[in-house]
Amino acid sequence: MTGRIGIMGGMFDPVHLGHVRAAIAVTDTLALDRVLMVPCSRPNHREGASASARDRQTMLELACAGTPLQVDDRELRRPGVSYMADTLRDIAGQFPEALRVFIQGWDSFLTLPEWERWEELFRFSHLCAVSRPGSHLPTADSEDRSERIMAGVLSERQVSSPGALAARQAGRILVLDGVNFDVSSTRLRSLLYRARQGDSDAEQAAAAYLPAPVAAYINAHQLY
């Protein structure tokens with residue numbers, strides 16, 4: 001199969017409108033044929049999920065219905081810790097002729113050097129980093145080690161336009177500016193917990209960040 005495939009990974013605990021809007025924005029900008037949304041089973045660099053794998057997958061399927069986004073459960077089916085290097089290698093093997101783009105939120109992108117075998121990602125995919133409004137580029141003189149490393153990576157791999165990714169199948173970075181991704185699952189879980197305690201303001205705030213079917217599922221199953 002040829003074509004253009006995006007890959008977005010994460011705990012999706014829960015999936016929220018920031019995830020969906022960022023993935024669709026990249027789909028439109030890069031003219032992707034589809035985006036594989038890959039829920040993580042067992043992370044290496046953070047605590048596990050609050051919701052079960054089954055609940056997280058179901059919520060993701062509800063959020064992706066009617067969009068070019070598709071749930072890919074390969075990490076949930078694979079035993080052990082979930083490593084994105086393994087996932088991108090698997091996808092590259094499944095779709096060897098496709099142009100592949102790994103989609104990351106900006107905060108996650110800046111921590112890449114903390115990931116297991118992170119440099120392997122560029123062997124199997126391009127990378128699109130979705131920046132928040134007001135995000136700063138990493139600099140070589142940053143006090144943060146990961147940011148210093150990523151400043152060097154950007155200088156070597158960044159391209160200025162979506163069209164530049166088509167020159168090769170993997171290894172380039174495109175920074176997509178101005179996508180409003182200003183919500184986190186951590187904050188959303190806090191709002192949902194407060195809503196469960198009867199805080200109506202928290203309930204209203206959480207609802208604004210969630211696809212309606214996902215909000216209904218959370219309420220029906222009393223998650224978070």
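Here the structure is a predicted model, which is why all the values come from computation and not from measurement.
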Q) Checking salt bridge (charged side-chain N to carboxylate O under 4.0 Å, His left out) for the pair Arg78/Asp90: CA distance, chi angles, key distance, verdict? A) CA-CA 11 Å; Arg78 191 168 65 219; Asp90 289 348; 3.2 Å; yes

Q. Looking at Asp141 and Arg148, does any basic side-chain N land under 4.0 Å from a carboxylate oxygen?
A. no

Q) Given the rule that I, L, V, M, F, W and Y join up when any side-chain heavy atoms are under 4.5 Å apart, are Met59 and Leu76 in one cluster? A) no

Q.
Would you call the rings of Trp118 and Phe122 parallel, tilted or perpendicular, taking 30° and 60° as the class edges?
A. perpendicular

Q. Out of curiosity, does Val81 fall in the hydrophobic cluster containing Met84 (side-chain heavy atoms, cut-off under 4.5 Å, transitive links)?
A. no

Q: Report the distance from atom CZ of Phe109 to atom OG1 of Thr111, rounding to the nearest 0.5 Å.
A: 10.0 Å

Q) How about Arg42: does its CZ atom have over 12 heavy atoms from other parts shown lying under 6.0 Å from it? A) no

**Q.** Same apolar cluster: Leu110 and Phe102, side chain cutoff 4.5 Å
**A.** yes

Q. Does the distance from a Lys or Arg side-chain N to an Asp or Glu carboxylate O, for Arg117 and Asp86, drop under 4.0 Å?
A. yes

Q.
Show the nearest heavy-atom pair for residues Tyr224 and Ser50, with the distance to one decimal.
A. CE2-CB, 3.9 Å

**Q.** Gap separating the CD atom of Gln158 from the CE atom of Met150, nearest 0.5 angstrom
**A.** 10.0 Å

Q. Can you list the steps and then say if Arg74 with Gln94 is a side-chain hydrogen bond (donor to acceptor under 3.5 Å, both in side chains)?
A. CA-CA 12 Å; Arg74 72 184 66 216; Gln94 184 177 359; 2.6 Å; yes

Q | Neighbour count >12 (heavy atoms, 6.0 Å) for atom CD, Glu116 | A | yes

Q: Any chance you could lay out the side-chain hydrogen bond (donor to acceptor under 3.5 Å, both in side chains) test for Ser41 and Glu75, step after step, and finish with the verdict?
A: CA-CA 6 Å; Ser41 177; Glu75 289 191 0; over 6 Å; no

Q | Residue Glu143 excluded, over 12 heavy atoms near CD under 6.0 Å | A | no

Q) Under the side-chain hydrogen bond (donor to acceptor under 3.5 Å, both in side chains) criterion, do Asp13 and Ser185 qualify, and how do the steps go? A) CA-CA 6 Å; Asp13 188 30; Ser185 293; over 6 Å; no

